[in-house]
Amino acid sequence: MKIWKLMAHDEWPAKEAFAEHVARGYIAVGWTEAGDLAAIKPSSVDDIKPHVYAAFEQKKNLNGPPSLWSFFSLMQVGDYVIEVGDGKR
């Protein structure tokens, strides 16, 4: 079992995103524009980078690929998630 930290921010105001996640009983990492990782079938973080960078051309310095890789390959059912709902680190 692992403990993960997620931050609600970006597309929605953080408090609204956090409330939505709590109400629906899920977590979300965003990055929808990068595509469906299950369809991409990445074998490493490097397989995710072109999809993220193509979708977010203006933000080449993003931590999106490592975040998505962790969510896709490392996070397991039963892990704990702490979501920061105020948009602050």
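Any value given below was found using the heavy atoms of this structure, including those in side chains, with hydrogens, waters and symmetry copies removed.
A donor-acceptor pair under 3.5 Å is absent between the side-chain atoms of D79 and the main chain of M75, judged by distance alone.
Taking hydrophobic clusters as Ile, Leu, Val, Met, Phe, Trp and Tyr residues chained together by side-chain heavy-atom distances below 4.5 Å, I82 does not share a cluster with L6.
The minimum heavy-atom distance linking I40 with D47 is given by the pair CG2-O, 4.4 Å. Between V45 and P66, the closest heavy-atom pair is CG2-N, 3.6 Å. Shortest non-hydrogen contact noted between I48 and P65 is CG2-CA, 4.0 Å.
Between the NZ atom in K41 and the CZ atom in F72 there is a gap of 9.5 Å [rounded to 0.5 Å].
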Steps toward side-chain contact (heavy atoms from CB on, under 4.5 Å) verdict (W4, L74): CA-CA 10 Å; W4 300 87; L74 303 175; 3.7 Å; yes

Pair K2-Y80, side-chain contact (heavy atoms from CB on, under 4.5 Å): steps then yes or no: CA-CA 6 Å; K2 294 182 177 158; Y80 286 94; over 6 Å; no

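Taking a 6.0 Å sphere around CD1 of I3, one finds it holds 12 or fewer heavy atoms contributed by other residues, nucleotides or ligands.
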